[in-house]
Structure formats: structure tokens, C-alpha cells
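Per chain, numbering begins at 1; letters A, B, ... match sequence-line order.
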Amino acid sequence: DTAVSQTPKYLVTQMGNDKSIKCEQNLGHDTMYWYKQDSKKFLKIMFSYNNKELIINETVPNRFSPKSPDKAHLNLHINSLELGDSAVYFCASSRRGPETQYFGPGTRLLVL
Amino acid sequence: GENVEQHPSTLSVQEGDSAVIKCTYSDSASNYFPWYKQELGKGPQLIIDIRSNVGEKKDQRIAVTLNKTAKHFSLHITETQPEDSAVYFCAASIGGNQFYFGTGTSLTVIP
């Protein structure tokens, strides 16, 4: 009965690799987000989608590409991983805003 | 864009005492202010929120106050318990789906 789920929970990979993180929500929300949390715990929005349409795209390298196959899923694909990409990535969802965001458990990415 | 500042960055209190975390925002158009609690190894969870048409909101031991004129809002936790230990984030939104988060406060409740 998990509301927002992410896979994988942990991801350890080498520099230069390509990886994907998946997110699914079963709350019936129209809006989904990706956040990056760095080692100092700072939370920064990366992308936001409303009903599969990109509405927020912060200053994020174009190596990061979100994909929303339907409004319940928002996946994050990262090309050519760099050391600085190491962080915790959170997916979240909400009704059309501003409304409460429900966060997933996070994906801990470590780039070696 | 909006700029949200949060203080203090760390806070230690004795069990049973009160804890106060303060945030300021820059954009007077901000109208929604949620507070999130993040426990170790988990995602942030909403604990209380307030909208700009309200000055104060309370939920058991947790309260939030909003001063629109001064552009600041605060989280108050009374009768703190060890399970209140976590990182707390404030956030502000001017509408739509754009949220700006504070830098977080690590609260430790000492038994």
C-alpha cells in the first residue's frame, strides 16, 4: 500500500555509466517531481510534471532526462554519470498545487 | 525567484522542552508554507502546513505561525520527545507546483 515508491533504493556505479531510477505513485495525483538532496541535506527541485507534461525544469544538466509514460510514473534517466551526481534522489507527488507533496523513500546514488 | 532561509541549522533540547525553528521568505506572493520532517534514511513527510489567509495553526504538540508582513513563519514543537529527533524543512510556494525549501534544521531531543 506504499504511496510513492522508488527503485532501486541504492545505486552504486562507475563514472561514465548510464542509469535509471523509477518512481510510481498510487495516490491518483496529477503532479510528480524529482528532487536532489546533497550531502548537506539541501533539497532542490529538478523537474516537475503535470499529467505527463513537463512544467518545471530547473537548471539541471541535460544528462538528466525525466520520462513520464503515464501520470502515475516518472522515471529519471542519467547519462554519463559524474562524481558530483552522487546524492539522494527523491520522487514526490501531489495534487495540482500548491498542495502537500508526498515523498518516496529516496534512491541513494553513489558514483565511483 | 523565492529565497527561503531557515534557522537554526542544528538544535538540541532536553526532552519535555519546546523547540522553535524559524524561516523567512523573500517573495510576498508566496501563499503556502508546509513543514516537513525527515527521519534518517527516509523521505520528508509533511507534519503541518499553513496558507497565507491564516496566522496560526495547531495540531496537538505542533504549531505553525505566519507573519505575512515580516515574511516569516515558525514551527513550534512543545513537550518534545526523543522521537521528534529528525531534520525539519520549511518550504514556501507562490502557487502552481514550484516549492522552495529551507536548508533544514537537525533537531536532537536529549532524553
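- A:Asp85 has a carboxylate O that lies under 4.0 Å from a charged side-chain N of A:Arg63, or vice versa, which qualifies the two as a salt bridge.
- With hydrogens and angles ignored, the 3.5 Å screen pairs no side-chain donor or acceptor of A:Gln25 with any backbone N or O of A:Ser94.
- In this structure, the portions of A:Thr100 lying under 4.5 Å from any heavy atom of chain B include both its backbone and its side chain.
- Both the backbone and the side chain of A:Leu43 come within less than 4.5 Å of a heavy atom of chain B.
- Using the six-membered ring where Trp is involved, A:Tyr35 and A:Phe103 have ring planes that are tilted, between 30° and 60° apart.
- A donor-acceptor contact closer than 3.5 angstrom is absent between the side chains of B:Glu5 and B:Thr103.
- The residue among A:Lys41, A:Gln6, A:Lys9 with the most heavy atom pairs within less than 4.5 Å of chain B is A:Lys41.
- Of the possible donor and acceptor atoms, one in the side chain of B:Ser93 sits under 3.5 Å from a partner among the backbone N and O of B:Gln98.
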Task: A:Asn79/A:His77 under side-chain hydrogen bond (donor to acceptor under 3.5 Å, both in side chains): CA gap, chis, key distance, verdict - done: CA-CA 7 Å; A:Asn79 288 328; A:His77 188 76; 3.0 Å; yes
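- Ring pair A:Tyr33/B:Phe99 is perpendicular by interplanar angle, where above 60° counts as perpendicular and below 30° as parallel.
- B:Phe89 touches chain A through its side chain: at least one heavy atom from C-beta onward sits under 4.5 Å away, while N, CA, C and O do not.
- A donor-acceptor pair is defined here as one N or O able to donate and one able to accept, closer than 3.5 Å; no such pair exists between the side chain of B:Thr80 and the backbone of B:Ser18.
- Ion pairing between B:Asp84 and B:Arg61 holds under the 4.0 Å rule for side-chain N and carboxylate O.
- Ranked by heavy-atom pairs under 4.5 Å with chain B, the first of A:Lys40, A:Arg96, A:Arg108, A:Glu99 is A:Glu99.
- Residues of residues 36-60 of chain B that come closer than 4.5 Å to chain A, counting heavy atoms only, are B:Tyr36, B:Gln38, B:Gly41, B:Lys42, B:Gly43, B:Pro44, B:Leu46, B:Asp49, B:Arg51, ordered by residue number.
- Using a 4.5 Å cut-off between heavy atoms, B:Phe101 touches chain A through backbone and side chain atoms alike.
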